[in-house]
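Structure record follows, encoded as structure tokens.
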Amino acid sequence: MPAPVPVFDGHNDLVLKLAAAGRDRAALWLKGEGAGHLDLPRMRAHGFAGGFFAVYIPSPETADLADVERLMDNPPYDLALPALIPHTAAQPVAVEMLGHLLWMERAAGGAFRWCRTAAEIRAAMAEGIVAGVIHFEGAEPIGPDLDALHLFHAMGLRSLGPVWSRPTIFGHGVPFRFPSTGDTGPGLTDLGRALVHECNALRIMIDLSHLNEAGFRDVARLSDAPLVATHSNAHAVTASSRNLSDRQLQAIGESGGMVGLNLATCFLRPDGRESPEMTLDPVKRHIDHLLRLAGEDHVGIGSDFDGATTPRDIGGAEGLPVLIAAMREMGLGEPLIEKIAHGNWLRLLERTWGA
Ligand code: ZN
């Protein structure tokens, strides 16, 4: 068996699973004794060479997951968003999650490393060490004076979404709605505009994936960095509020930015359903559309592993070679496949963070 093509991934939610595992987190992370998508042995065996790891603050009033899944498997649907979480409530949770992140590296005995520059990612990948980048999915832990942004940056934060989907003091995200455009409300607040400037000054990557269209336009107008949506698909194929219009995909390409292919069934299936029973044809249609609109240098993978239902044939890290094989079936050549798998992400990070 040839070695799998290395994949650098735009988004996963493994940290939530580790936090929920409590004292079993070592068995999950190091031995793969969990039902999720990612663990160190599977990542290393199947070419998961690195990626962004999200810190996400759960809402206290989170709805019953089974109810949400039932609704999302029966479109049309329109889920209400939870209320804003004040930074004073979010910060202790973020600190706890960052503790889990640091533990991941300590526990891995040299097989996993947090990275703050593209050069560090390239070095780790060359050594066969899985390379992690710290991302906040929603800026809830940052208060209005933005001091905490500097604190978290000093701790290694290199990527930030101003919102998950629930509102923050910085802006508004899209509700989970199908069918729907992403044009669902107002854009960034005054504080959101200040946050964009501060992220630019610190060279923290800004993630557009959960913003609505007005917020996306505000960032496009204000930011001096390439536009990045780490885990979003093509609205032309799947009419979800979370997917990007052709105009947005073109803007990403023109800015020298990136879009990461999301493997969540609800953003892949043209019928918008959550069910994992699907062929990989829609995956190919999304890849083809992203490549045509954003361009071959501006598409990568943003799996959403451990945060979403994925197609049965992909599952978790073990499905990355299946995804690569689907790209070969599309007739994409090896140089383009390597760009999508990791090359485009690494060059985007060099453009965003500096070489
Ligand atoms: Zn997400």
Side-chain angles (χ1 to χ4, degrees), residues 8-20 36-38 51-59 62-63 65 68-69 71-72 77 79-82 84-85 90 93-94 97 101 132-141 157-168 170-178 180 182 184 204-213 215-216 219 227-235 238 240-244 248 252 257-269 272 274 286 290 300-311 314 316 345:
F8 188 87
D9 177 45
H11 188 91
N12 76 70
D13 293 296
L14 170 64
V15 181
L16 278 179
K17 292 266 167 85
L18 290 176
H37 292 150
L38 293 178
F52 294 88
F53 288 69
V55 167
Y56 165 81
I57 311 298
S59 282
T62 295
L65 204 61
V68 171
E69 281 180 2
L71 277 170
M72 289 185 69
Y77 61 82
L79 305 187
L81 285 173
L84 183 146
I85 301 176
V93 183
M97 296 291 174
L101 294 178
V133 174
I134 300 177
H135 167 72
F136 276 11
E137 185 169 36
E140 282 87 353
L157 179 71
R158 289 295 179 273
S159 170
L160 172 76
V163 296
W164 169 68
S165 280
R166 134 198 85 205
T168 66
F170 305 107
H172 302 269
V174 286
F176 292 85
R177 187 187 289 171
F178 184 95
S180 171
T184 58
I204 293 173
M205 193 183 94
I206 300 168
D207 183 10
L208 301 164
S209 264
H210 283 264
L211 277 172
N212 61 23
E213 279 188 18
F216 183 108
V219 175
L227 301 177
V228 181
T230 58
H231 58 306
S232 294
N233 292 338
H235 195 274
T238 303
S240 164
S241 57
R242 275 277 283 102
N243 287 341
L244 298 169
Q248 288 176 311
I252 284 171
M258 280 288 290
V259 55
L261 173 80
N262 192 319
L263 298 177
T265 50
C266 54
F267 308 138
L268 285 171
R269 296 174 57 120
E274 169 97 1
H286 280 283
L290 299 180
I301 297 165
S303 68
D304 223 345
F305 281 150
D306 283 322
T309 301
T310 57
I314 289 183
W345 268 126

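Counting convention: from 1, in listed order, for ligands and their atoms alike. What's counted below: heavy atoms across the whole structure, side chains too, no hydrogens, waters or symmetry copies.
No hydrogens or angles considered: a donor-acceptor pair under 3.5 Å links the side chains of Thr230 and Asp207. Using modelled atom types and a 3.5 Å distance limit, the side chains of Asp304 and Asn262 yield a donor-acceptor pair.
Ring to ring, Phe136 and Tyr56 are not that close: their centroids are 6.0 angstrom or more apart.
Coordination check, His231 versus the Zn ion (ligand 1): passed, since an N/O/S atom of the residue sits under 2.8 Å. The Zn ion (ligand 1) has no N, O or S atom of Asp13 under 2.8 Å away, backbone or side chain.
A salt bridge between Arg269 and Glu274 is absent, with no side-chain N of the basic residue lying under 4.0 Å from a carboxylate O of the acidic one.
Of all N, O or S atoms in Glu137, the one lying closest to the Zn ion (ligand 1) is OE2.
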